[in-house]
There are 2 protein chains.
Amino acid sequence: MADTGAPGGETLLFLTDEQLRKGIEAMFFAYRGFTADPDRILAKHDYGRAHHRAIHFINREPGLTVTTLISVLGVTKQSLNRVLRTLIEDGLVESRVGKRDKRERHLFLTEAGEALERALTEAQRARMRAAYRAAGPQAVAGFRQVLEAMMDPNLRRHYQMLKDDA
Amino acid sequence: MADTGAPGGETLLFLTDEQLRKGIEAMFFAYRGFTADPDRILAKHDYGRAHHRAIHFINREPGLTVTTLISVLGVTKQSLNRVLRTLIEDGLVESRVGKRDKRERHLFLTEAGEALERALTEAQRARMRAAYRAAGPQAVAGFRQVLEAMMDPNLRRHYQMLKDDA
DNA sequence: TTTTTAGGGCAGCCTTGTTGACTTTCCAAG
DNA sequence: CTTGGAAAGTCAACAAGGCTGCCCTAAAAA
């Protein structure tokens, strides 16, 4: 059935149902590990993963609007709003009314927000770094390739918007 | 910049903070793609991801006990119970009292349960297959290596319990 | 100016996580 | 044998974070 363009025929063994099932479970278990460390930090502050995601992307692109953030996160504005409200109340995020278009709100991390961001990211990076180091650069390249191929095209847009490093 | 396959010392460039951040976001966006297709099917049946996970692991290891399933899924028994109850009521899962130990409940998929399992898994496999094919066998090997290195050791146990295919 | 459209906020619902308290069964110690 | 604790599972109630619906304000179009 599947022909990748490889020379032989047995290259296709990596597409068996068993192999695919292993991949599916690997994603499941790895994602749990991936979120475990930040989750512990968040719990201390009475926040959840939703707060983490908001903080992460506001840090990545300071001044982005609520609408943009909604589309990156793939949630409804009502859902995001609850999270955002608590972050603003707690003084981690600042929301400034747009200069040109006063309907827009531009989001920024405060000092305190940046501090939490660093703590969360560093915890997550530490695990990622360990995994990268254990697997090696070749494996990391493959890891990224497969993940990118797995994204919805719409989401991939946001991903590639990052200034690339290659 | 990132120099993946180099021999020297600059191989470490794949461990920069930028690279790690890209990896983190790749996980985030890819996981969304990973769950998107099953989620659509589940919505039609008024189920959620929790039901999918239960069905998946009951299928993988028919007859497993509630306690085992709890430890694989990493949720509390109360949380699992609600999900399991609806699946049993709807006739997708059968719960048999243990022969030796009557406290235990052994879980099995019914015909209908297996049918839904196939639909869900096939949707998820299709995406995984496409990603694998696009990335190639080498990349897939790397993908798996990094994911495995990212798991909590405790979870890795359950992952490795699978009969391996290599 | 008036109407339509877009950004954003609030209220309330549902799923699925949590802890707490309870029942049944098993096993081990007296 | 019985009794007391541990283990498996169920029921109740609560919290986080998704969702839809409805509303207000600002901008843009008619």
Side-chain angles (χ1 to χ4, degrees), chain A residues 28 31-32 35-36 38-58 63-90 93-108, chain B residues 28 31-32 35-36 38-58 63-90 93-108:
Chain A
F28 172 68
Y31 200 77
R32 292 250 300 277
T35 53
D39 280 356
R40 269 187 287 275
I41 297 175
L42 290 159
K44 282 188 235 159
H45 295 252
D46 271 307
Y47 291 140
R49 249 175 241 179
H51 300 84
H52 184 186
R53 292 194 284 262
I55 288 173
H56 175 98
F57 286 104
I58 294 172
L64 88 176
T65 63
V66 172
T67 302
T68 306
L69 186 51
I70 283 165
S71 111
V72 172
L73 295 177
V75 298
T76 59
K77 60 182 173 175
Q78 295 85 342
S79 187
L80 175 60
N81 189 263
R82 193 182 329 96
V83 167
L84 224 39
R85 199 189 325 155
T86 71
L87 290 174
I88 291 170
E89 279 169 10
D90 295 352
V93 168
E94 193 190 344
S95 160
R96 299 186 203 149
V97 174
K99 269 234 125 80
R100 280 214 316 282
D101 189 332
K102 284 179 200 146
R103 292 175 300 183
E104 292 180 343
R105 301 287 181 278
H106 297 272
L107 304 170
F108 301 86
Chain B
F28 172 67
Y31 200 78
R32 291 250 300 278
T35 54
D39 280 356
R40 268 187 288 275
I41 297 175
L42 290 159
K44 282 188 237 161
H45 295 252
D46 271 306
Y47 290 140
R49 250 176 241 179
H51 300 85
H52 183 187
R53 292 194 283 263
I55 287 174
H56 175 97
F57 286 104
I58 294 172
L64 87 177
T65 63
V66 173
T67 301
T68 306
L69 187 51
I70 283 164
S71 109
V72 172
L73 295 176
V75 297
T76 58
K77 60 184 173 175
Q78 295 85 340
S79 183
L80 175 61
N81 189 261
R82 193 184 323 99
V83 167
L84 225 38
R85 199 188 325 155
T86 71
L87 290 173
I88 291 169
E89 279 169 10
D90 295 353
V93 168
E94 193 190 345
S95 160
R96 300 186 203 150
V97 173
K99 270 236 124 80
R100 282 214 316 283
D101 189 333
K102 283 179 203 147
R103 292 173 302 180
E104 293 180 342
R105 301 287 181 276
H106 298 271
L107 304 170
F108 300 86

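Chain letters run A, B, ... following the sequence lines, proteins first and then strands; every chain starts at 1.
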* Rounded off to whole Å, could you give me the CG-to-P distance for the B/L84 and D/dC11 pair? => 12 Å
* Return the value, rounded to whole Å, for the distance between atom CG of B/L64 and atom P of D/dA8. => 13 Å
* To do: Let me know the distance between CZ of B/R82 and P of D/dC14, rounded to the nearest Å.
  => 14 Å
* How would you label the contact of B/T67 with the nucleic acid (heavy atoms, under 4.0 Å): base, sugar-phosphate, or nothing? -> sugar-phosphate
* With a 3.5 Å cut-off and just heavy-atom distances, do the side chain of A/R103 and the base of D/dA27 make a donor-acceptor pair? -> no
* May I ask you to say what B/K77 touches in the nucleic acid, namely base, sugar-phosphate or nothing, with a heavy-atom cut-off under 4.0 Å? => base
* For B/L73, does its backbone N or O pair with a side-chain atom of A/R32 as donor and acceptor, under 3.5 Å? -> yes
* Structure fact -> When A/R100 and A/A50 are each assigned the nearest nucleotide of DNA chain D, the 5'-most assignment goes to A/A50
* To do: Can you see which heavy atom on B/L64 is nearest to which on B/F57, and at what distance?
  => CD1-O, 4.1 Å
* To do: Look at the side chain of A/R49 against the base of D/dG17 and say whether a donor-acceptor pair falls under 3.5 Å; ignore hydrogens and angles.
  => no
* Structure fact -> A/L80 atom CG is separated from D/dG17 atom C1', nearest whole Å, by 11 Å
* Asked: If only atom types and distance count, is the side chain of B/T35 paired as donor or acceptor with the main-chain N or O of B/Y31 below 3.5 Å?
  -> yes
* Using atom NE2 of A/H51 as one end and atom P of D/dA15 as the other, report the distance to the nearest whole Å. => 15 Å
* Which nucleotide span of DNA chain C, 5' end to 3' end, has atoms closer than 4.0 Å to non-hydrogen atoms of chain B? -> C/dT16 to C/dC26
* Asked: Is a side-chain N or O of B/R105 found less than 3.5 angstrom from the main chain of B/R103, in a donor-acceptor match?
  -> yes
* Does any donor-acceptor pair link the side chain of A/Q78 with the base of D/dG21 at a separation under 3.5 Å? -> yes
* Rounding to a whole Å, what distance do you find between A/L73:CG and D/dG18:P? -> 9 Å
* To do: Provide, to the nearest angstrom, the distance between the CD1 atom belonging to B/I88 and the C1' atom belonging to D/dC11.
  => 15 Å
* Contact nearer the 5' end of DNA chain D, comparing A/D101 with A/T76 -> A/T76
* Assess whether side-chain contact (heavy atoms from CB on, under 4.5 Å) is satisfied between A/D101 and A/T65, documenting all intermediate values. => CA-CA 11 Å; A/D101 189 332; A/T65 63; over 6 Å; no
* **Between C1' of D/dG17 and CG of A/L87, the distance in whole Å** => 13 Å
* Please work out if B/R105 contacts a base, only the sugar-phosphate, or nothing of the nucleic acid, heavy-atom cut-off 4.0 Å. => sugar-phosphate
